[in-house]
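Everything on this sheet refers to the single structure shown next.
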Amino acid sequence: MTVPYNHREIEEKWRKTWEEHPINVNDGKKEKYYCLDMFPYPSGNGLHVGHWRGYVISDVWSRYKLMHGYYVIHPMGWDAFGLPAENYAIKHHVHPEISTNDNIRNIKRQIKQIAAIYDWDMEVNTTDPKFYKWTQWIFVQMFKHGLAYEKKMPINWCPSCKTGLANEEVVNGRCERCGSPVTKKNLRQWMLKITAYADRLLDGLKDLEWPEKVKKMQTDWIGRSYGAEVDFQVDGRDEKITVYTTRPDTLYGCTFMVMAPENPMAKDLATEGQKEAVEKYIYETSLKSNIDRMQDHEKTGVFTGSYAINPMNGKKVPIYLADYVLADYGTGAVMCVPAHDDRDFEFAKKFGLPIIQVIAKDGKEIPDMQEAYTQASGTMINSGEWNGLESSKLKKEAPEMIEKKGFGRKTTNYKLRDWVFSRQRYWGEPIPIIHCPKCGAVPVPEDQLPVLLPEVESYEPTGTGESPLAAIDSWVNTTCPCCGGPAKRETNTMPQWAGSSWYFLRYVDNKNDKELVSKEKADKYLPVDMYVGGVEHAVLHLLYSRFYTKFLHDIGAIDFDEPFKRLFNQGMITGKNGIKMSKSKGNVISPDDLVEDYGCDSLRVYELFVGPPELDAEWDDRGIEGVYRFLTKFWRLVQEQKDRDVPETRKLLQLRNKLIKDITDRIETFSLNTAISKFMEYNNAMCNLAKDGGVDKKTLSVYTQLLAPFAPHIAEEMWQELGNEGSVFESTWPEYDPQYLEDDEVQIPVQLNGKARAVIEMPKDASKEEVLSKAKEAVSSKLDGKTIVKEIYVPGKIVNLVVK
RNA sequence: GCCGGCAUGUCGGAAUUGGCAGACGAGACAGACUCAAAAUCUGUUAUCCGCAAGGAUGUGUGGGUUCAAGUCCCACUGCCGGCACCA
């Protein structure tokens with residue numbers, strides 16, 4: 001009787017060994033490979049099996065790279081500023097630092113159970129003053145380069161979190177964190193000029209090995225469009241209204257103009273008779289919530305009484321106010337061409353405005369238009385000097401033509417807005433600025449960083465637009481670093497994204513108190529080669545990080561301007577029926593018990609086996625049994641075979657080489673779930689061979705090597721038991737010999753009229769004639785009274801006989 | 001509304017990219033071992049007809065291309081995700 005597979009003992013043993021003798025060492029000669037996980041927020045709920053999956057995926061990849069001879073940078077840290085810790089503090093009157101540190105301790109314990117090759121010497125924590133000193137330093141640099149600026153403007157405000165939000169944090173009109181409807185609040189804000197990088201953020205995407213989906217989301221978010229600004233004279237006045245359009249080719253079809261009700265000129269345009277109606281409309285619009293305005297697509301509007309003059313043909317067009325025009329995009333006013341724009345068409349129909357077709361559809365002018373013709377293809381009509389031109393061509397050329405005529409200019413517009421960067425909350429990095437009545441906003445001198453987050457009596461957000469820090473007079477009142485006079489500190493804090501926008505740079509030089517990261521280490525270890533994390537950060541964290549990296553590149557702090565060469569988005573693990581795991585739903589599965597019962601290796605393998613890593617998967621505890629049985633079988637197989645002296649047959653060589661190819665290909669394509677299936681298949685095949693002659697040690701050792709990234713403990717143990725030297729992770733990833741990949745005999749299915757009827761076995765180099773004659777023989781009983789009209793043979797694959 | 005993605009047994013999922021649909025695993029059922037249970041091992045398990053050999057049907061729906069379609073083309077339905085009046 002052999003000893004049973006005792007995962008507890010084995011895993012404990014290797015955990016200790018690896019702690020004493022790390023397997024991933026930097027000898028200064030190896031090439032680096034940086035494999036990064038999205039670092040977790042240390043929540044009080046701890047990790048669930050979904051978090052585990054991402055970390056297992058990245059660890060399999062890291063260990064795979066390790067076995068290819070790389071020094072693998074695989075760090076872990078804590079994204080620890082943020083609302084939950086603060087809310088906990090408010091409720092329990094505990095300093096957030098205390099609860100945060102408790103949570104970190106617990107999550108670190110859980111992460112260690114994964115047995116990933118994290119280098120804990122590199123650990124970072126965004127709430128550590130030694131870390132956020134550099135978060136603040138970056139802000140100061142941005143300020144000095146004109147990229148951080150103050151502005152008073154109506155911003156997105158979450159009434160529940162009592163703080164301002166960035167555009168990216170508003171999802172369908174609701175707060176990304178708590179789901180409350182977002183309102184507008186006019187506040188003085190710190191902004192980051194991310195729009196200055198719009199083109200580079202867009203153009204840089206094309207060279208990244210990222211999922212197309214994420215690239216597309218960022219592309220759409222940045223939303224670049226090319227067009228023209230056109231100046232319309234207001235009839236009878238000295239003023240001009242400038243509109244932005246992507247369809248300057250349709251300028252002759254403009255029959256009215258619409259301005260956003262929030263536009264500062266709006267009130268002014270109202271003529272005596274329309275004043276009351278205009279003011280009423282502006283007031284009513286101001287009462288509408290973001291969500292109402294988004295959902296209600298029914299067109300409303302009001303005529304101002306004023307007219308604008310179309311510079312192309314001198315025609316007078318009425319000016320309306322309508323809330324379907326956005327105040328903060330383009331110029332906040334649009335020229336309306338109902339014949340060729342859906343929204344304008346709808347508005348024109350509702351308000352009885354004329355519709356002039358300027359592009360022929362199918363070569364014709366439509367007598368009674370029922371819907372707008374929005375495509376830029378067709379010949380221009382009703383367009384004066386432009387008649388006869390092709391619209392798609394004119395669309396591109398018109399901006400310059402307009403520019404030459406002097407009533408407009410070629411323009412590019414973006415949906416991306418500058419980043420609202422200040423938060424009116426406690427648990428974040430203080431913005432390192434001092435307001436001096438004489439000198440204005442002055443950055444805190446770099447040698448005085450970090451500006452420590454002070455102790456405060458109440459963490460409660462005030463809701464007034466001031467952060468709780470504003471209540472600490474002793475902290476707020478300071479002296480101006482510039483003139484030495486009395487001055488006040490900035491009391492807003494930074495958003496949670498501040499630290500996560502650059503943390504990956506810090507891991508490789510986390511103790512440096514002179515620089516954010518030394519030039520030498522940055523050149524040697526950065527950027528990130530592979531980034532693994534959820535898709536939920538597609539436009540938040542991943543866009544911000546790219547912006548920070550480009551900025552740090554521009555000021556010479558680093559030499560690259562894209563942080564993450566390759567990105568892998570793992571799917572979410574959900575509870576039953578695809579319901580997201582959450583404490584409130586009570587469907588959270590903790591990995592702790594599973595590790596205890598089945599072991600780390602079993603859970604690692606099962607996390608991958610549940611489905612394709614990039615797709616969501618429903619968790620089902622029962623499946624882990626199958627994985628545990630598989631590891632047990634493999635363990636037993638090695639016990640039975642390790643002391644035998646089995647010769648290396650051609651059959652074993654073929655199995656071994658095919659195994660290497662199958663597993664390697666599947667890791668390379670991230671098809672980790674089918675890699676596990678293949679392991680199981682080959683394990684069964686080896687068990688059968690074991691009964692029949694045995695399995696040689698070389699084959700078992702190769703299997704062990706391939707399994708090592710997935711189930712490191714059992715692999716290390718088996719590697720040793722099979723008599724191999726050193727750690728399996730010091731061994732080199734096996735390579736296959738193509739000459740052993742093909743079987744000597746191939747099985748060829750025989751179809752009659754496309755339906756499988758028999759399978760014949762043929763030598764792999766059999767001729768077409770031999771195969772066909774054998775095939776006919778195999779199905780002869782089914783050929784009675786039928787004639788073969790066509791014979792198809794795909795070499796080595798299939799025979800199809802078409803019969804009548 | 002626009003743009004993506006997906007749809008395969010009881011369940012999770014596989015299918016070398018046009019070549020035996022259902023690998024691998026879960027679950028279920030039957031058998032072996034056991035006083036018994038657990039564990040383990042063996043077998044069966046898409047559906048329908050049939051005692052069986054065998055046959056027919058079958059990858060969301062309807063059509064098409066092909067010797068051959070889960071895979072390609074056209075139309076549609078459902079679910080998921082992103083954007084949402086961006087002129």
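Convention: sequence-line order gives letters A, B, ...; per-chain numbering from 1. Both backbone and side-chain heavy atoms feed into the values below; hydrogens, waters and symmetry mates do not.
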A:P612 side chain: which of B:G19, B:G13, B:C24 is closest?
B:G13
Heavy atoms from other residues, nucleotides or ligands near NZ of A:K184 exceed 12 (cutoff 6.0 Å):
yes
Per the glycosidic torsion and the 90° limit around 0, nucleotide B:G9 is syn
Syn/anti state for B:U59 [syn: chi within 90° of 0]
anti
Could you tell me whether the side chains of A:D231 and A:T242 share a donor-acceptor contact shorter than 3.5 Å?
yes
As a test of reading the structure: which of B:C67, B:G27, B:U42 is closest to the side chain of A:V802, going by heavy atoms?
B:C67
Between A:R636 and B:C41, is there a contact of a side-chain N or O with OP1 or OP2 at under 4.0 Å?
yes
Let me spell it out: for each of A:N413 and A:A617, pick the nucleotide of RNA chain B with the closest heavy atom. Which residue's pick is nearer the 5' end?
A:A617
Do any side-chain nitrogens or oxygens of A:N673 fall under 4.0 Å of OP1 or OP2 in B:A14?
yes
Closest to the side chain of A:K213, out of B:A87, B:G13, B:G81, is B:G81
Is B:G25 paired to anything, Watson-Crick or G-U wobble with both distances less than 3.5 Å, and if yes, which nucleotide?
B:C11
So which nucleotide from B:G19, B:A26, B:G25 ends up closest to the side chain of A:F609?
B:G25
Of the nucleotides B:A15, B:A87, B:A26, which one has an atom closest to the side chain of A:Y324?
B:A87
Under a 3.5 Å cut-off for both distances, is B:C2 Watson-Crick or wobble paired, and to whom?
B:G82
